[in-house]
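Predicted, not measured: the structure shown is a model, and the values here were computed from it. FYI, the numbering just counts along the sequence from 1.
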Amino acid sequence: MIDPGTGLALLGSAIGGKKLIEKILGPSADYIGEQLKEWTQKKVENSSKIFKNAEGKLGDKINEDGSVPPKVLKGILEEGAWCEEELQIEYFGGVLASSRSGISRDDRGAYFISLISRLSTYQLRMHYLIYHSLKENFNGQDLNIGAGQDRENMELFIPFDTYQDAMDFSLEEVPNSWDLLTHSIWGIAKEELIENTFQYGEKDSLLKNSKKVYDAGMIVSPSSLGVELFMWAYGYGQKRTNNFFKESIVFNNDQKIELGKTMKTK
């Protein structure tokens, strides 16, 4: 019988057994200690959802040798336990899955956990919309996300209607939708998740010589860090960012967010 007094047992009981946690984390599972006994049931549930998400993204890789650095586990337990929004859980789960490798010092996931924690729900959802749209518009093309000229050529037009549908605003949020847009786009630009050449506004105020701008909306170009975060969120953190455009790399819209119509501007 599993000792219910251990933190590992507490978390394990929420996801079907501590063995699963041990398989995901490797030796770092030993860091889950007595402090979890003080957790509320909600914090246990939130953390368990992140581990289940990571399990799904690992698939058969969970049976290969590997471990998650303790620094990454610390971030998951300290930040992820407080997250109830499903998209946040999706991102944290992907970072946890991406962090499992045979390289003990590869703690890049700790940086991405900190980055995700700094983003609001609105900013994270805008990031999700932009990079799903990027993949849809440029999938299969030979592009280098690390090259400035290539990133400039990946410029996207996202109509406000598409943005509004993706954000799924409640009636209470609708009156503040413009402020939420500016909060989101400036916020992700500050974190260098898009290039700082973005524009937004009415049709006439956007690229006047672009025939692709047919309505009010925003024009954005991706950043290397923005692609990297997206790949880590999907469990592909150990792959090169240029693999983003390979047709063999699939990013399912498991959150069922309405992504809508977007277009290249060039």
Side-chain angles (χ1 to χ4, degrees), residues 2 7-32 36 43-117 124 127-128 131-132 135 227-257:
I2 297 175
L8 187 59
L10 271 172
L11 194 53
S13 65
I15 63 174
K18 69 175 187 177
K19 288 295 182 184
L20 176 56
I21 297 176
E22 291 171 337
K23 288 181 75 172
I24 293 174
L25 297 178
S28 294
D30 294 339
Y31 282 86
I32 299 181
L36 265 67
K43 289 175 71 175
V44 172
E45 290 175 0
N46 292 341
S47 297
S48 68
K49 288 178 182 178
I50 292 171
F51 275 86
K52 289 296 288 184
N53 186 280
E55 178 193 15
K57 285 170 177 167
L58 283 167
D60 293 337
K61 292 180 182 177
I62 200 171
N63 297 314
E64 300 174 2
D65 290 339
S67 64
V68 173
K71 192 175 179 180
V72 175
L73 173 60
K74 177 177 181 288
I76 291 292
L77 295 179
E78 291 184 353
E79 300 293 344
W82 294 92
C83 294
E84 298 183 0
E85 218 276 334
E86 289 298 322
L87 189 56
Q88 292 174 325
I89 291 168
E90 180 89 49
Y91 272 57
F92 279 124
V95 171
L96 180 57
S98 291
S99 296
R100 189 180 187 277
S101 74
I103 305 172
S104 60
R105 71 173 185 173
D106 187 358
D107 59 1
R108 288 175 292 167
Y111 167 77
F112 287 108
I113 290 167
S114 176
L115 175 55
I116 294 165
S117 300
L124 199 65
H127 177 265
Y128 189 85
Y131 285 93
H132 264 291
K135 175 69 171 178
V227 167
E228 191 178 7
L229 172 60
F230 196 75
M231 292 185 72
W232 274 78
Y234 269 90
Y236 293 124
Q238 299 299 324
K239 294 185 178 294
R240 296 179 63 243
T241 52
N242 282 343
N243 288 331
F244 178 87
F245 300 102
K246 290 186 176 180
E247 293 181 341
S248 59
I249 300 293
V250 177
F251 302 99
N252 292 322
N253 182 14
D254 293 332
Q255 294 300 313
K256 301 295 188 289
I257 290 174

Hey, can you tell me if Tyr91 and Tyr128 have their rings parallel, tilted or perpendicular (30° and 60° cut-offs)? tilted
Next on the checklist: In terms of relative ring orientation, are His132 and Phe251 parallel, tilted or perpendicular, with 30° and 60° separating the classes?
Outcome noted: perpendicular
Quick one: closest heavy-atom pair of [X] and [Y], and the distance?
X	Y	value
Ser117	Phe92	OG-CZ, 3.6 Å
Ser104	Pro69	O-CG, 3.9 Å
Gly109	Ser99	CA-OG, 3.6 Å
Val250	Tyr236	O-OH, 3.3 Å
Thr241	Val227	O-CG1, 3.9 Å
Asn46	Glu84	ND2-CG, 3.7 Å

Separation of [Y] [atom2] from [X] [atom1] (nearest 0.5 Å):
X	Y	atom1	atom2	value
Asn53	Leu96	CG	CG	9.0 Å
Cys83	Ile89	SG	CD1	7.5 Å
Leu20	Leu25	CG	CG	9.0 Å
Glu228	Ser98	CD	OG	10.0 Å
Ile50	Glu55	CD1	CD	14.0 Å
Leu229	His127	CG	NE2	4.0 Å

Between the side chain of [X] and the main-chain N/O of [Y], is any donor-acceptor distance below 3.5 Å?
X	Y	result
Ser67	Gly26	no
Gln255	Ile257	no
Lys71	Arg108	no
Ser48	Glu45	yes
Arg100	Val68	no

Any chance you could lay out the side-chain contact (heavy atoms from CB on, under 4.5 Å) test for Ile103 and Arg105, step after step, and finish with the verdict? CA-CA 6 Å; Ile103 305 172; Arg105 71 173 185 173; 4.1 Å; yes
Original post:
Does the pair Glu64/Lys61 count as a salt bridge with the N-to-O cut at 4.0 Å?
Top reply: no
When Tyr131, Tyr111, Phe112, Phe244 are each screened for ring pair (Phe, Tyr, Trp, His ring centres under 6.0 Å) with Trp232, the one that passes is Phe112
Item to complete: Decide yes or no on side-chain contact (heavy atoms from CB on, under 4.5 Å) for Arg240 and Met231, but give the supporting numbers first.
Response: CA-CA 9 Å; Arg240 296 179 63 243; Met231 292 185 72; over 6 Å; no
Check: Is there a side-chain contact between Lys57 and Glu90 (heavy atoms, below 4.5 Å)?
Finding: yes
message: Any heavy-atom pair between the side chains of Asp106 and Val72 that's under 4.5 Å?
response: no
For this session: Give the intermediate values and the outcome of side-chain contact (heavy atoms from CB on, under 4.5 Å) for residues Ile116 and Glu79.
Result: CA-CA 9 Å; Ile116 294 165; Glu79 300 293 344; over 6 Å; no
>> When you measure from the centre of the six-membered ring of Phe245, is the NZ or CZ of Lys135 closer than 6.0 Å and no more than 45° off the axis?
In response: no
| In this structure, are over 12 heavy atoms from other groups packed under 6.0 Å from Asn63 atom CG? | yes
